[in-house]
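The shown structure was predicted, so the numbers you read here are calculated from the model rather than taken from an experiment. Atoms within a ligand are numbered from 1 in the order they appear, just like the ligands themselves.
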Amino acid sequence: MLASVSAIKVTDYKFYVNGQWKESQSGQTIDIRSPYLYEVMGRVQAITKEEVDEAIGFARGAQIEWAETSLQERAKYLYKWADELVNMQDEIAEIIMTEVGKGLKDAKNEVVRTADFIRYTVEEALHMHGESMKGDSFPGGSKSKIAMIERVPLGVVLAISPFNYPVNLSAAKLAPALIAGNAVIFKPATQGAISGIKMIEALHKAEFPKGLVNLITGRGSVIGDYLVEHKGIDMISFTGGTNTGAHLAKKAAMIPLVLELGGKDPGIVREDADLVEAAKQIISGAFSYSGQRCTAIKRVLVHESIADELVGILKGEIEKLAVGSPEEGNTVVPLIDDQSADFVQGLIDDAIERGATVVIGNKRERNLIYPTLLDHVTEDMSAAWEEPFGPVLPVIRVSSDEEAINIANKSEFGLQASVFTKDINKAFAIANKIETGSVQINGRTERGPDHFPFIGVKGSGMGAQGIRRSIESMTREKVTVLNLSL
Ligand SMILES: NC(=O)c1ccc[n+]([C@@H]2O[C@H](COP(=O)([O-])OP(=O)(O)OC[C@H]3O[C@@H](n4cnc5c(N)ncnc54)[C@H](O)[C@@H]3O)[C@@H](O)[C@H]2O)c1
């Protein structure tokens, strides 16, 4: 059973516009329910379209002056924000835990990692330089023509983030946008909005210019499409599900978009792999935070000759996983809501019905799904293709590297993949053929370290994140040509 040590104090949170915390004119709020305490922990404002217009108006005004300030000056504000986050780490981590059901240690790591992210972003920006070109390198061109190429901000960036890393994935949009001279409209995931509000409380303490960052909360049905189609938005940086991302991409016309979406990352295990090490990586990849990570390992493609042995080791590792409330530091915790748990259970039920074997798991208490390992999963089962965002790991047995590559690439997703083998040549041969943004050799799939480029292809996204790439995506090149009389 889930234990609760928290006494919940329900707080009404305001939204943040022009440097002030405000209640919405709508008079309406949205309840935020803790996924494991099953109680309302707070309420956020359901803001109106007029308030969206107002926030974007303030952002547009503030951005002009902000872009004029020196990089060193902008850096000072961001460093201060990072310091304030570290000062507030206990308070913010407690909120992340209660709101999205993440263990306290991981929640605290998320906050500290975010401060590191912000600092690194500043340092990266301080070391980015433009370039110059002379005209005479092109046939017929003249030495007297010199192009100076610099990066300039895009204007107002709309940052939309998902529930699972409500602070880190939000700051991963705000920090590059701000250091590059943009203003931000930040729309956190509804479940995750209070964590986002806390992050902005830290930002408020850093005394950024008013209106530069505005946090808006509201019902997706009222403000979602309105925001995305708004003429005052110059770029959208979105992280979330593939369906939401695809919907948004259709709505947003003629502005740059970066989309980081869902995944179905395979762990490919060759015959020659160190099975004990591979199993450790796979289990941590698949089950930390109940698999609610975009880069969780979401299927195992294993050579049939070693499949029994691997499945045995995986089962042993799963037996060691702690299951229950995040307040007790468990690895497998209740899912974000009942609907998500129903979806995961549906995938398990469908696989069993079609002949998969339950090695361990298939047990549920409300939205807590016990870690489940399914063997003999075949291509006709939804578990082979759908992203569960929950603690279920399907094992698909293959007879060759080619078959593994083929099944890996048949997926609509293309985020990451892991290849486990002792043969580095084979590892590269497989990696070269895998259609994902990144391939991990002998390691679990994961986003960090945060300065690596992070790329989703096919249904997993568009464009790139990773500190330098994010700054580049939120700026454009501007060319000034000097025509000398030589
Ligand atoms: N690739 C990555 O970097 C990455 C990282 C984390 C999570 N994810 C993915 O995110 C998903 C889980 O997160 P989620 O459940 O919060 O995703 P989601 O798609 O339900 O929501 C993401 C965000 O979109 C907003 N939204 C919903 N409808 C909208 C609309 N019409 N217009 C504008 N915004 C709208 C939500 O309020 C939220 O802020 C998983 O699929 C996971 O793989 C991807």
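- Listed for the S460 side chain is a donor-acceptor partner under 3.5 Å among the backbone atoms of G414.
- Sorted by chain and number, the heavy-atom contacts of ligand 1 below 4.0 Å come from I160, S161, P162, F163, N164, L169, K187, P188, A189, G224, D225, V228, F238, T239, G240, G241, T244, H247, E260, L261, G262, C294, E387, F389, L415, F454.
- A salt bridge is defined here as a Lys NZ or Arg NE, NH1 or NH2 lying under 4.0 Å from an Asp or Glu carboxylate O, and D375 with R397 meets this definition.
- Taking the six-membered ring for Trp and thresholds of 30 and 60 degrees, H451 and Y120 have ring planes inclined between 30 and 60 degrees apart.
- When the salt bridge (charged side-chain N to carboxylate O under 4.0 Å, His left out) test is applied to E435, the partners found at least two apart in sequence or on another chain are K458.
- Every residue two or more places apart in sequence or in another chain that forms a salt bridge (charged side-chain N to carboxylate O under 4.0 Å, His left out) with D116 is listed here: R119.
- With sequence neighbours left out, the salt bridge (charged side-chain N to carboxylate O under 4.0 Å, His left out) criterion links E386 to no other residue.
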